[in-house]
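First up is the structure itself, then whatever we jot down about it.
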Amino acid sequence: MKVNLVLSGGAARGIAHIGILRALEDMGFEVQAISGVSAGALVGAFFCAGYSPEDMLRLVKNTDWIKLIRPKVPRYGFFSLSKAEKFLRKYLQVERIEELKKELYIGVLDIKSGKSFHFNSGELYPILLGSCALPGIFEPVKYQDYVFVDGGVTNNLPVEPLLKREGLLIGADVNPTNSVEKIKNIIHIIARSFLLAVRSNVEKRRELCQVLIEPELQNYSVIDLWKAQEIYTLGYNKTLEVMKAYLKKA
């Protein structure tokens, strides 16, 4: 069965998307198009470039992510994503979105106009990095006449590009709301505040999905990269549960 997949942002929680993709493949579903934002756009880009879920998980585990961000004088953000671009170029090895092996839509917000966009063509790296540029943490990314920040600010479940496509529409939301016992640092505060704020733009979009997968990630922080295997497994197991229930009703 052919499916179209919407992948939310969620920083480290986005690793669950890799498990979701693996479970869908194991069950015989064919992902024909992905619409993603922030972490979801990153996972989507690697999958659409031809990486298997196993390859992606291995890359997550073996990469020192802290080395991919460069501290800077905080005029527009505390960190630059210029090193991350070199990393992406090394592994994705395409210049434009439309050169990927599967169709990908990347959600971004142009901070100048206040408008959201979903790109399925254009220069891959500035658009992809712009989709991940969490305001206040990362420096915005300039592209043509745009200045991009994380698309999740206005749309953290970018279902719109896939609504008219044939095939089952599956949404994957990796941002359950929960309370936390301890605030760890300023990055944790900004990231958590951001994710709590974007919940309001997700609710109606969740209803547009024919199937919704929401892994139980309440106990995982948006910076828990060292728990990659656990987060991946939760995505995998939840997808098996949800899709088996869907097939039983179908």
Taking all atoms of both residues into account, what is the closest heavy-atom pair of [X] and [Y], and its distance?
X	Y	value
Ala39	Ala11	CB-O, 3.5 Å
Leu247	Met27	CD1-CE, 3.8 Å
Glu103	Asn120	OE2-ND2, 3.5 Å
Ile170	Ile213	CG2-CD1, 3.7 Å
Lys112	Val147	CD-CG2, 3.4 Å
Gly235	Pro215	CA-CG, 3.9 Å

Donor-acceptor pair, distance only, cut-off 3.5 Å: does the side chain of [X] make one with the backbone of [Y]?
X	Y	result
Asn156	Gly9	yes
Asn4	Glu166	yes
Glu98	Gly122	yes
Asp224	Ala12	no
Tyr220	Lys227	no
His17	Ser8	yes
Ser131	Ser38	yes

Less than 4.0 Å between a side-chain N and a carboxylate O, is that true for Glu54 and Arg58?
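Looking at Arg58 and Glu54, the cut-off is not met.
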
Is the shortest distance from a Lys or Arg side-chain nitrogen in Glu241 or Lys238 to a carboxylate oxygen in the other one below 4.0 Å?
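Looking at Lys238 together with Glu241, the answer is yes, because their closest N to O distance falls below 4.0 Å.
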
Please answer: with hydrophobic residues joined when any side-chain heavy atoms are less than 4.5 Å apart, are [X] and [Y] in the same cluster?
X	Y	answer
Ile223	Ile15	yes
Leu217	Leu157	no
Val37	Phe117	no
Val149	Ile106	yes
Leu212	Leu5	no

Do [X] and [Y] touch side chain to side chain, with heavy atoms closer than 4.5 Å?
X	Y	value
Leu208	Lys204	no
Leu42	Leu88	yes
Leu109	Asp150	no
Met56	Leu21	yes
Met243	Val211	yes
Lys61	Tyr232	no

Quick one: sort the Phe119 and Tyr146 rings into parallel, tilted or perpendicular, breaks at 30° and 60°.
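Ring orientation, 0 to 90° scale: perpendicular.
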
Rounded to the nearest 0.5 Å, how far apart are [atom1] of [X] and [atom2] of [Y]?
X	Y	atom1	atom2	answer
Leu92	Glu99	CG	CD	11.5 Å
Lys164	Leu169	NZ	CG	14.0 Å
Gln229	Ile231	CD	CD1	10.5 Å
Leu7	Ile20	CG	CD1	7.0 Å
Leu234	Gln218	CG	CD	9.5 Å
Tyr143	Leu128	OH	CG	12.5 Å

Run the side-chain contact (heavy atoms from CB on, under 4.5 Å) check on Val202 and Asp173 step by step: do they pass?
CA-CA 9 Å; Val202 168; Asp173 185 1; 3.5 Å; yes

Test applied, side-chain hydrogen bond (donor to acceptor under 3.5 Å, both in side chains); reference residue, Ser116; option that passes from Asn155, Asn201, Asp110, Thr154
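With Ser116 as partner, side-chain hydrogen bond (donor to acceptor under 3.5 Å, both in side chains) holds for just one option, Thr154.
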
Flag yes if more than 12 heavy atoms outside Asp145 fall under 6.0 Å of its CG atom; otherwise flag no.
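Open: at most 12 neighbouring heavy atoms sit under 6.0 Å from CG of Asp145.
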
Around Lys101, counting heavy atoms of other residues, nucleotides and ligands shown, do more than 12 lie under 6.0 Å from its NZ?
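Count not over threshold, so no.
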
Exercise: do Glu123 and Tyr125 side chains pair donor with acceptor under 3.5 Å:
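No - no donor-acceptor pair under 3.5 Å links their side chains.
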
